[in-house]
**Student:** 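Sharing a structure below in structure tokens format, with a few things to ask.
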Amino acid sequence: MESAITVQGLVKRYGEITAVDGLSFSVGRGEIFGLLGPNGAGKTTTVECLEGLRVADAGEIRVLGEIPSPTNYALKAKLGIQLQETAFLSRLTVEETLLLFGRLYPRHRDVRELIDLVALGEKRRSQVKGLSGGQRQRLAVALAMVNDPELLILDEPTAGLDPQARRALWEVILGLKREQKTVLLTTHYMEEAEYLCDRVAILDHGHIIALGQPRSLVGEHFQETPVEIELSGPAEGVDFSRLPGVARAVPDGESVVLYSTAPTDTIRAVSRLAEEGKLSLRDLVLRRPSLEDVYLLLTGRRIRE
Ligand SMILES: Nc1ncnc2c1ncn2[C@@H]1O[C@H](COP(=O)(O)OP(=O)(O)O)[C@@H](O)[C@H]1O
Ligand SMILES: [Mg+2]
């Protein structure tokens with residue numbers, strides 16, 4: 001597959017802090033690729049280097065065949081960027097905002113069509129200052145699309161949105177894929193990465209700790225079913241890893257995730273312990289293993305602290 005982005009050994013430091021520590025990955029044309037990781041993992045720094053907004057300390061970057069830099073205008077014309085925070089001109093309407101920014105490019109998309117694409121038709125003539133968080137994010141994505149770019153780089157496009165607004169934006173992003181655009185997005189929402197991304201790189205402390213298709217990453221690490229139990233007090237003398245079926249037990253604050261090859265046996269054993277008063281159980285859920293489990297397994301932490 002032809003690459004839209006290649007990154008080799010990217011390093012970026014801020015004084016003493018090494019924010020990005022030798023990243024290598026590539027994004028194929030037409031792919032939705034996710035950089036997934038908790039706050040501080042180095043996602044924004046990475047995308048800012050790709051956008052030419054920051055200069056890397058080491059490594060090689062090619063974006064659509066070009067070396068990004070603040071003055072590479074040929075590249076900028078082919079790129080659509082949504083920064084982690086977008087500042088709008090609050091008194092302009094949605095339509096005026098898109099028209100204004102569209103005029104900055106030699107070629108731009110039809111503004112009406114864009115507004116429909118991000119489902120802001122009702123707000124066409126509303127001032128930006130009156131938009132909800134979700135509507136502003138959709139406008140930011142529309143702005144990233146205004147120059148009809150081949151490649152979109154979206155930094156946490158759905159951060160802080162309610163589930164409904166998030167879903168609406170997911171559909172917009174899938175629409176971009178149908179138009180054969182390439183999308184690089186960052187997120188700390190696991191379910192978002194699973195739903196949207198063809199491939200993901202999981203970042204932790206500036207390193208890639210796993211890379212691949214969401215389903216295969218999960219499959220590579222888990223044959224077991226996670227049984228998650230939440231306790232309302234200490235479970236003295238209970239060795240969860242020795243319960244029937246349990247291959248691994250990963251403590252996580254007040255919860256313990258039991259990765260089980262025989263979940264019904266595990267659940268029965270846990271209920272018996274609860275009945276005998278050896279632990280006080282607040283909640284028990286059985287779920288399908290997800291990227292969240294991959295992250296927890298590889299780092300011993302949850303992505304959202
Ligand atoms: N301008 C900056 N100056 C100093 N440190 C920074 C700056 N931007 C980010 N960092 C640090 O670099 C690390 C990675 O940050 P960032 O790339 O923003 O991660 P993410 O987007 O995954 O939350 C963090 O430790 C952060 O505190
Ligand atoms: Mg960030």
Side-chain angles (χ1 to χ4, degrees), residues 5-27 32-61 63 68-70 79-88 133-134 136-141 143-144 151-162 165-166 169-170 173 183-197 199-212 214 217 290-292 294-305:
I5 298 175
T6 56
V7 175
Q8 263 310 321
L10 176 64
V11 176
K12 177 67 192 173
R13 296 186 199 93
Y14 300 109
E16 300 280 276
I17 300 171
T18 304
V20 175
D21 196 6
L23 287 200
S24 301
F25 63 92
S26 63
V27 179
I32 302 185
F33 188 93
L35 289 175
L36 178 59
N39 278 337
K43 305 181 295 296
T44 295
T45 303
T46 302
V47 298
E48 287 176 347
C49 290
L50 297 175
E51 293 159 350
L53 299 175
R54 288 195 189 278
V55 181
D57 291 307
E60 288 220 0
I61 301 175
V63 177
S69 82
L79 264 191
I81 293 176
Q82 182 226 339
L83 300 176
Q84 192 163 326
E85 311 235 330
T86 308
F88 297 103
R136 290 171 79 93
Q137 287 291 69
R138 276 184 277 151
L139 178 57
V141 173
L143 276 176
L151 168 64
L152 286 101
I153 301 181
L154 311 175
D155 196 1
E156 306 240 16
T158 69
L161 299 189
D162 61 60
R166 177 167 303 139
L169 204 43
W170 288 359
I173 293 168
V183 181
L184 174 69
L185 62 88
T186 76
T187 182
H188 61 271
Y189 299 111
M190 294 285 182
E191 68 286 11
E192 174 163 298
E194 289 193 9
Y195 184 77
L196 287 180
C197 297
R199 289 188 309 138
V200 295
I202 304 183
L203 248 65
D204 193 43
H205 297 302
H207 295 275
I208 291 178
I209 56 172
L211 192 153
L217 281 180
S290 68
L291 282 177
E292 183 93 44
V294 176
Y295 185 79
L296 182 61
L297 177 74
L298 296 178
T299 66
R301 283 173 287 120
R302 293 226 179 234
I303 205 153
R304 275 171 283 176
E305 251 84 87

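Counting convention: from 1, in listed order, for ligands and their atoms alike. Keep in mind the model is a prediction, meaning the values are calculated, not measured. Counting from 1, the numbers follow the sequence of the chain as shown.
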**Student:** Looking at every non-hydrogen atom in both residues, tell me the closest pair between F33 and S26 and how far apart they are.
**Tutor:**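 Scanning both residues completely, I find the closest heavy atoms to be CE1-O, 3.9 Å.
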
**Student:** Whether the side chain of K12 engages the backbone of V55 through a donor-acceptor N/O pair (distance < 3.5 Å, no angle test) should be reported.
**Tutor:** yes

**Student:** Please state which protein non-hydrogen atom is closest to atom 17 (O) of ligand 1 and give its distance, to 0.1 Å?
**Tutor:**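 For this ligand atom, the closest protein heavy atom is T45 OG1, 2.5 Å.
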
**Student:** T187 side chain to L36 main-chain N or O, any donor-acceptor pair under 3.5 Å?
**Tutor:**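 Not confirmed, T187 side chain does not pair with L36 backbone.
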
**Student:** Determine yes or no for a side-chain-to-main-chain donor-acceptor pair under 3.5 angstrom, with K43 supplying the side chain and L185 the backbone.
**Tutor:**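 No, the answer is negative, given that no donor and acceptor are paired below the 3.5 Å cut-off.
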
**Student:** Return yes if some donor-acceptor pair links the side-chain N/O of T18 with the main-chain N/O of R13 below 3.5 Å, else return no.
**Tutor:**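 Such a contact is absent between T18 side chain and R13 backbone.
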
**Student:** Is there at least one protein heavy-atom neighbour under 4.0 Å from atom 27 (O) of ligand 1?
**Tutor:**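 Given the 4.0 Å cut-off, atom 27 (O) of ligand 1 does not count as touching protein heavy atoms.
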
**Student:** Provide the number and element of each atom of ligand 1 under 4.0 Å from a heavy atom of A19.
**Tutor:** 12 (O), 13 (C), 14 (C)

**Student:** Going through the checks in order, is the side-chain contact (heavy atoms from CB on, under 4.5 Å) test met by L154 and I173?
**Tutor:** CA-CA 10 Å; L154 311 175; I173 293 168; 4.0 Å; yes

**Student:** Can you report which non-hydrogen protein atom sits closest to atom 23 (O) of ligand 1, along with the distance?
**Tutor:**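 Here the closest protein heavy atom is G40 N, 2.7 Å.
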
**Student:** List ligand 1 atoms under 4.0 Å from N39, heavy atoms only on the residue side.
**Tutor:**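 The atoms of ligand 1 under 4.0 Å from a heavy atom of N39 are 23 (O).
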
**Student:** Does R54 have a non-hydrogen atom less than 4.0 Å from ligand 1?
**Tutor:**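 Flag set, R54 near ligand 1.
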
**Student:** To the nearest 0.5 angstrom, please state how far the CG atom of L203 sits from the NE2 atom of H188.
**Tutor:**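 Spacing of CG (L203) from NE2 (H188) equals 14.0 Å.
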
**Student:** Is T44 close enough to the Mg ion (ligand 2) that one of its N, O or S atoms comes in under 2.8 Å?
**Tutor:** yes

**Student:** Tell me, please: is P38 in heavy-atom contact with ligand 1, that is, under 4.0 Å?
**Tutor:** yes

**Student:** If we only count N/O pairs under 3.5 Å, is I17 in contact with ligand 1?
**Tutor:** no

**Student:** Is T186 close enough to the Mg ion (ligand 2) to have an N, O or S atom under 2.8 Å?
**Tutor:** no

**Student:** Provide the closest heavy-atom pair for V7 versus L23 in the form atom of the first, atom of the second, distance.
**Tutor:** CG1-O, 3.4 Å

**Student:** Heavy-atom contact under 4.0 Å between G42 and ligand 1?
**Tutor:**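 The answer is yes, since G42 has a heavy atom less than 4.0 Å from ligand 1.
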
**Student:** I'd like to know if the side chain of R138 and the backbone of A165 have a donor-acceptor N/O pair within less than 3.5 Å.
**Tutor:** no

**Student:** Give the residue and atom name of whichever protein heavy atom lies nearest to atom 18 (O) of ligand 1, and the separation in Å to one decimal.
**Tutor:**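 Ranking protein heavy atoms by distance from atom 18 (O) of ligand 1, first comes T44 CB, 3.7 Å.
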
**Student:** For P157, does its backbone N or O pair with a side-chain atom of Q137 as donor and acceptor, under 3.5 Å?
**Tutor:**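 Yes.
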
**Student:** Atom 9 (C) of ligand 1: which protein heavy atom is closest, and how many Å away?
**Tutor:** Y14 CE1, 3.4 Å

**Student:** Establish whether atom 4 (C) of ligand 1 and some protein heavy atom are separated by less than 4.0 angstrom.
**Tutor:**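 Within 4.0 Å: yes, protein heavy atom nearby.
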
**Student:** Which ligand 1 atoms does A41 reach within 4.0 Å, using its non-hydrogen atoms?
**Tutor:**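 In order of numbering, the contacting atoms are 19 (O), 20 (P), 22 (O).
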
